[in-house]
Every structure is written in C-alpha cells, then in structure tokens.
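Structure record follows, encoded as structure tokens.
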There are 2 protein chains.
Amino acid sequence: MAKIVVMPGTLAEGPGPRVRVTRQKRAVATLLDETEEFTSAQDLHARLRASGERVGLATVYSQLRAMAGSGEIDSVRGDSGETLYRRCGSPVHHHHLVCRRCGHTVELDAPDLESLARRLGEEHGFSQLNHVLEMTGVCAQCPREAD
Amino acid sequence: MAKIVVMPGTLAEGPGPRVRVTRQKRAVATLLDETEEFTSAQDLHARLRASGERVGLATVYSQLRAMAGSGEIDSVRGDSGETLYRRCGSPVHHHHLVCRRCGHTVELDAPDLESLARRLGEEHGFSQLNHVLEMTGVCAQCPREAD
DNA sequence: ATTCTTGCAAACCCTTTGCAAGCTA
DNA sequence: TAGCTTGCAAAGGGTTTGCAAGAAT
C-alpha cells in the first residue's frame, strides 16, 4: 500500500501543520550530515548525548521516521532487527548495497538493472513502472561467521 | 557468538548433540514444504494450531532459527521487522510485480536479475548476499490516466 | 536411563505512543 | 498566545531465554 507523502513546496499543502525548527531537529540533521554510514536511531541518540546535546530517544526516533517518510533520508533494516538511516547522497535514482554487520554502504550505479527492470515490467504490460532494490550482505572487512 | 552447525553427514561430527526427530519438527518442516511464499514464525504457528497441531510458539521460533542457521531454509526480514522464512531450493527465488491500481500481482522469474545482483555484490567484496526487489506499476487492465 | 526437546511465562530489544510541559512562530 | 514538539515512562510487537516437564533413543 502506498503512502502519500507531500513534500514542502511540492503540491498544494492547504492548511496543514507547519513544521517548526527546533534545536533537536538541527542536532539530528547535523549529525546525520556528518555521518557517512548507515546508523541506528539508538546510535545517533547515544552520540548526541555523548556530545552534550540534550535530546530524547523518542524524539530521535520520531524525527528519523519523519525524515525517512518524506524521502529526506534512506532507511534499511539491519541484521539485529533495527532500522538504519543515512542521509541520501545523490538525488538521482540509485540503489544501495549495505553490510548487515557494520552498516558500510556502497551506492550502486547499475544501468543493467534499470533496463532489466523496465523490460520485465513491459513484458507484462505494465506501465508507470517503479522499483526499489535493497541489497544486503556482509562486507569484506567483517567476520563472515554465521550466527 | 558463532554457532557451529554440523549437518548430518557433512563434517566430522564428533561427540556432539544428536538431533532427535520430534512430532513438532516434522509438523513445521511439512508445513514449510507446502508453503510457497515467505512466511513468519507466528504465521506458521497460527496455521499449525489451526490445523490441530499442538506446537508451542517458542518451539517454532527455535526450529526456524536452527533450520536457517544450517542453511536448510532461507530467511529475510519483512517490513514490519519480523523474520520471514521459506524453504529454499525448490520454489525458486523470485520477485513480484504489483499493480498499484488493482493489486494484481505477477511472479517474476528473472535469472538475469539474480546473476546481476550476485555480480554487483561480489564486485564489492560482499558475501552472504541477499536482495529484495519490489516492482510496482500499472497493469494493462487498469486505466493509466491520473495518478 | 539419558539427554535432547518442548513450551509456558518472563525477559529482551527496538520502536511507538500517551500526554503534560516546553518552545517556536 | 496557539499548537507543534519534546521526552519520560509505559505500552507494543517480535524474538529469545529460563527451566521444569515430556519425549526420543
């Protein structure tokens, strides 16, 4: 089921709730900017606390959820069941290959995949195609033991 | 903590724990055989109960974990955070192409995609690869105007 | 008889929610 | 001031664990 998300300045917003800029939001956004790899809400929260920021865990969760919902950041699921977030680098369509152990991420540019997806859809008479590929694995730097 | 799993007749087993065949194990294995799609532990448990089998939820979990650990079944993480299992091998790995308008679904068999995904992962030194492709579009039977 | 397996209930972990106090616009 | 936002604590949902009773060998 599709979730309709209206991004600021995209469609007629009507008399909806106005977003407010808070110290907490800036702190999370900033830390996210400085972080390359996918990280969890708990990790972000711990780092914010460690650096002296006064931010609640629930707030971090709420914010990440909002940002992910509006497409501002990407999210994937880690091995231990938690959700990992990261500021999405390139605005163009691409996919991620994420290490389930350490969160190390590689941005994939796979033209073959794009054409393949298009072909598959057209073969079945579908139009207005869209696709999301989420790849995960264990990177070369991580122990490959199974558990 | 790595768990060493020795499959029957694979390596020297030594004086390890002997696996016992129980009614519960057979029930879960059988139901898994009859199920094409990825299913959750809870779903399997509910279906077992519904069919009159007396099996505990903890047992189902424990068993799926063991089977997945030994590679007997595949596991992926669903959107809601639960782990989904499926007997691997026979019912080949495949993806779905879903119509956003009517929900009509086509099961895709795309060997090209599988090899492409494997290649992409290996090129970046990843192992234990896993991928989920979600394709959506508008099928031939549906009006394709307004979106 | 031995020891692996079961399964209830409680524990865990991550995430969301209830809601009063705090803060932005 | 008005009403989003915050954040503590509690609730939720999925999965694991403790351990005594039960079953396979």
Side-chain angles (χ1 to χ4, degrees), chain A residues 3 6 8 13-29 31 38-49 52-70 72-73 75-85 100-101 103 146-147, chain B residues 1-8 13-29 31 38-49 52-70 72-73 75-85:
Chain A
K3 178 194 292 184
V6 178
E13 295 180 40
R18 306 111 184 70
V19 176
R20 292 180 185 180
V21 180
T22 65
R23 169 177 53 76
Q24 292 89 332
K25 282 182 185 171
R26 255 186 307 258
V28 172
L31 183 50
F38 272 94
T39 45
S40 69
Q42 312 232 22
D43 176 58
L44 287 171
H45 177 248
R47 288 200 279 153
L48 285 170
R49 281 296 176 85
E53 287 285 348
R54 289 166 294 105
V55 185
L57 177 56
T59 300
V60 175
Y61 270 112
S62 136
Q63 242 165 102
L64 291 172
R65 183 158 24 106
M67 295 174 94
S70 73
E72 202 178 330
I73 58 179
S75 69
V76 298
R77 252 173 216 296
D79 253 359
S80 5
E82 6 75 88
T83 305
L84 305 176
Y85 303 88
R100 290 191 297 266
R101 297 240 197 288
D147 183 12
Chain B
M1 157 182 60
K3 180 193 291 182
I4 307 300
V5 178
V6 178
M7 285 187 278
E13 294 180 39
R18 305 106 181 77
V19 176
R20 293 179 185 182
V21 180
T22 65
R23 168 176 52 76
Q24 292 89 333
K25 283 182 183 170
R26 256 187 306 258
V28 172
L31 183 49
F38 273 96
T39 44
S40 69
Q42 312 233 20
D43 175 58
L44 286 171
H45 177 249
R47 287 200 279 154
L48 286 170
R49 280 297 176 84
E53 287 287 350
R54 289 166 296 106
V55 185
L57 177 56
T59 300
V60 175
Y61 270 112
S62 135
Q63 226 154 112
L64 290 173
R65 186 159 21 108
M67 297 174 94
S70 73
E72 200 178 332
I73 58 178
S75 68
V76 298
R77 250 171 219 296
D79 262 352
S80 2
E82 6 74 89
T83 304
L84 305 177
Y85 302 89

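Every chain is numbered from 1 and lettered A, B, ... according to where its sequence line falls, protein lines coming before strand lines. Not measured: the values here are computed from a predicted model.
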Set out, in order, the CA-CA distance, both residues' side-chain angles and the distance that settles side chain to side chain donor-acceptor pair (under 3.5 Å) for A:Ser80 and A:Glu82, then state yes or no. CA-CA 6 Å; A:Ser80 5; A:Glu82 6 75 88; 3.1 Å; yes
Without decimals, in angstroms, what is the distance between [X] [atom1] and [N] [atom2]?
{"X": "B:Gln42", "N": "D:dG14", "atom1": "CD", "atom2": "P", "value": "5 Å"}
{"X": "B:Gln63", "N": "C:dT6", "atom1": "CD", "atom2": "C1'", "value": "10 Å"}
{"X": "A:Glu82", "N": "D:dT15", "atom1": "CD", "atom2": "P", "value": "14 Å"}
{"X": "A:Glu53", "N": "D:dG7", "atom1": "CD", "atom2": "C1'", "value": "15 Å"}
{"X": "B:Arg23", "N": "C:dT6", "atom1": "CZ", "atom2": "P", "value": "9 Å"}
{"X": "A:Leu84", "N": "C:dC14", "atom1": "CG", "atom2": "P", "value": "11 Å"}
{"X": "A:Leu57", "N": "D:dA10", "atom1": "CG", "atom2": "P", "value": "15 Å"}
{"X": "B:Arg54", "N": "C:dT6", "atom1": "CZ", "atom2": "P", "value": "13 Å"}

How bent is the helix from C:dA1-D:dT25 to C:dA25-D:dT1, measuring the angle between the end axes built from five pairs each, rounded to 10°?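 Inter-axis angle at the ends, rounded: 30°.
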Please work out if [X] contacts a base, only the sugar-phosphate, or nothing of the nucleic acid, heavy-atom cut-off 4.0 Å.
{"X": "B:Arg26", "answer": "nothing"}
{"X": "A:Arg77", "answer": "nothing"}
{"X": "A:Ser40", "answer": "nothing"}

With respect to the side chain of [X], which nucleotide from [options] is positioned closest?
{"X": "B:Arg20", "options": "D:dT6, D:dA24, C:dT6", "answer": "D:dA24"}
{"X": "B:Thr59", "options": "D:dT25, D:dG7, C:dG7", "answer": "C:dG7"}
{"X": "B:Ala41", "options": "D:dT5, D:dA24, D:dT15", "answer": "D:dT15"}
{"X": "A:Ala58", "options": "D:dA9, D:dT6, C:dT5", "answer": "D:dA9"}

Presence of [X] side-chain N/O under 4.0 Å of [N] phosphate oxygens OP1/OP2:
{"X": "A:Tyr61", "N": "C:dT15", "answer": "yes"}
{"X": "A:Thr83", "N": "C:dT15", "answer": "yes"}
{"X": "B:Thr22", "N": "D:dA24", "answer": "no"}

Could you measure the distance from the [atom1] atom of [X] to the [atom2] atom of [Y]? Nearest 0.5 Å is fine.
{"X": "B:Phe38", "Y": "B:Tyr85", "atom1": "CZ", "atom2": "OH", "value": "11.0 Å"}
{"X": "A:Lys25", "Y": "A:Arg20", "atom1": "NZ", "atom2": "CZ", "value": "9.0 Å"}
{"X": "B:Arg26", "Y": "B:Gln63", "atom1": "CZ", "atom2": "CD", "value": "11.0 Å"}
{"X": "A:Arg65", "Y": "A:Ile73", "atom1": "CZ", "atom2": "CD1", "value": "11.5 Å"}

Among B:Val60, B:Asp43, B:Thr59, B:Leu57, which residue meets the side-chain contact (heavy atoms from CB on, under 4.5 Å) test with B:Leu48?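 It is B:Val60; the other options fail the test.
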Report yes or no: is there a donor-acceptor pair, N or O only, under 3.5 Å between the side chain of A:Arg65 and the base of C:dT16?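 Answer no: no donor N or O sits under 3.5 Å from an acceptor.
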Donor-acceptor pair under 3.5 Å: do we get one between A:Arg18's side chain and the base of D:dG3?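 Under the 3.5 Å cut-off, the side chain and the base do not form any donor-acceptor pair.
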Taking C-beta and beyond as the side chain, do A:Glu53 and A:Gln24 meet within less than 4.5 Å on heavy atoms?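 With C-beta onward as the side chain, the pair stays apart.
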Could you walk me through whether A:Arg47 and A:Thr39 pass the side-chain contact (heavy atoms from CB on, under 4.5 Å) test, one step at a time? CA-CA 11 Å; A:Arg47 288 200 279 153; A:Thr39 45; 3.6 Å; yes
